[in-house]
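Written out below as structure tokens is the structure these notes cover.
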Amino acid sequence: MARITASVYTSHVPAIGAAMDLGKTQEDYWKPLFAGYDFSKQWMKDNKPDVIFLVYNDHATAFSLDLIPTFAIGTAAQYQPADEGWGPRPVPVVRGHPELASHIAQSVIQQDFDLTIVNKMDVDHGLTVPLSLMCGEQHPQTGAWPCPVIPFAVNVVQYPVPSGRRCFQLGQAIRRAVESFDEDLNVHIWGTGGMSHQLQGARAGLINREWDNAWLDQLINDPAACSEVPHIDYVREAGSEGIELVMWLIARGAMADVAGGPAPKVAHRFYHVPASNTAVGHLILEN
């Protein structure tokens, strides 16, 4: 059967992608951030998955205020990098895994989660920046991502957004779905977005290091309690965009310990500010 062997968590700041695309990774401002992913790139080579299930949020690219799915799973064979206003990122096309994606959709919907099935969409920096950070820079024509990717978009842009508890429960349903797929696949599940940041209003530029790191501690050691953090705490402590962290709870809910297995191994943990106006968190957990 298929199995989830690891979960990866990372911010997906658009300026990180721009720094990579414009050759700025070794500049003084950016060098410490990218150094925090050196381990991760080697880890990806040593622990190459067959499929990545990548949880992210669309930034008004594939979806708009005309249509806002709470949870949307991509079931297409491939996904083009989106034009977010300044042209698509110069990265390879993202290959999908329609068979596993369709199976997960079937299983999760039968477990009473209402998913939107998306057969065609472009993917923005929310998905491609994590791939670049973990897999290194890839030429759009001659390069390729190491494996197929299943995009899973969560609405954390327009209220109402899903609760941490619902996301945590969804992760458990996704694990059950993966394990019921009748093919020997090594699957990674990634939760992206966050950490503390606010892009507008009187608190624009907010960063809360202490809260971010305490939240990471709880995500690792007591994910069920972490899933009970109310929306208002994210907004108050981590800024208006800190709510993106509920997407990490989907990946955490899919880990074996949540279903009674052993605690995961923390393979890597990294935290850095600033990256543009965002606190960058990164974590790799192994089952």
Side-chain angles (χ1 to χ4, degrees), residues 8-41 54-62 81-91 122-138 140 151 153-158 161 190-216 219 234-248 268-284:
V8 172
Y9 311 80
T10 183
S11 303
H12 59 213
V13 186
I16 293 175
M20 299 183 81
D21 301 341
L22 299 173
K24 296 182 176 182
T25 59
Q26 295 306 303
E27 292 184 0
D28 289 346
Y29 180 87
W30 289 108
K31 193 172 182 178
L33 182 141
F34 288 103
Y37 287 84
D38 287 343
F39 173 93
S40 308
K41 289 196 284 285
L54 201 154
V55 184
Y56 74 109
N57 65 287
D58 177 76
H59 301 80
T61 302
D83 184 345
E84 299 181 64
W86 47 86
R89 286 194 65 213
V91 295
D122 294 345
V123 290
D124 65 19
H125 72 268
L127 184 136
T128 63
V129 166
L131 287 173
S132 294
L133 283 169
M134 294 295 298
C135 307
E137 297 175 65
Q138 305 290 335
V154 180
N155 171 41
V156 288
V157 174
Q158 179 69 37
V161 303
W190 294 12
T192 73
M195 293 189 83
S196 62
H197 64 301
Q198 179 153 328
L199 303 180
Q200 71 290 308
R203 298 197 306 161
L206 179 147
I207 300 288
N208 190 339
R209 293 171 182 256
E210 182 178 359
W211 191 90
D212 285 342
N213 281 287
W215 190 89
L216 277 173
L219 180 74
Y234 288 99
V235 176
R236 182 189 298 113
E237 302 294 340
S240 55
E241 277 70 46
I243 192 63
E244 290 179 353
L245 286 169
V246 298
M247 295 188 291
W248 294 32
H268 185 53
R269 178 171 171 171
F270 174 66
Y271 183 82
H272 177 79
V273 292
S276 184
N277 51 7
T278 303
V280 171
H282 176 37
L283 185 65
I284 299 173

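The nearest pair of heavy atoms linking His125 to His12 is CD2-O, 3.0 Å.
The residue from Thr278, Leu216, Val280 that alone fulfils the side chain to side chain contact (heavy atoms under 4.5 Å, CB included) condition with Met195 is Leu216.
Aromatic ring pairs are classed by plane angle as parallel below 30°, tilted from 30° to 60° and perpendicular above 60°; the pair Trp30 and Phe34 is tilted. Taking the six-membered ring where the residue is Trp, Tyr37 and His282 present parallel rings, their angle staying beneath 30° rather than reaching 60°.
Proximity of a side-chain donor or acceptor of Asp124 to a complementary backbone N or O of His59 within less than 3.5 Å is detected. No donor-acceptor distance shorter than 3.5 angstrom exists from the side chain of Trp211 to the backbone of Tyr234, with no hydrogens or angles considered. Ser11 places a side-chain N or O within donor-acceptor distance of the main-chain N or O of Gly194, the cut-off being under 3.5 Å. Checked by atom type and distance alone, the side chain of Arg203 pairs as donor or acceptor with a backbone atom of Arg236 at under 3.5 Å. Glu237 places no side-chain N or O within 3.5 Å of a backbone atom of Asn208 that could act as its donor or acceptor partner. Here the side chain of Thr192 pairs a donor or acceptor atom with the backbone of Val55 at under 3.5 angstrom.
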Verdict with reasoning, Lys31 to Asp28, per salt bridge (Lys or Arg N to Asp or Glu O under 4.0 Å): CA-CA 5 Å; Lys31 193 172 182 178; Asp28 289 346; over 6 Å; no
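Distance check, rounded to the nearest 0.5 Å: CG of Leu54 to CE of Met134 gives 10.0 Å. Once rounded to the nearest 0.5 Å, the distance linking OG1 of Thr10 with CH2 of Trp248 reads 6.5 Å. To the nearest 0.5 Å, atoms CD1 (Ile16) and CG (Leu33) are separated by 4.5 Å.
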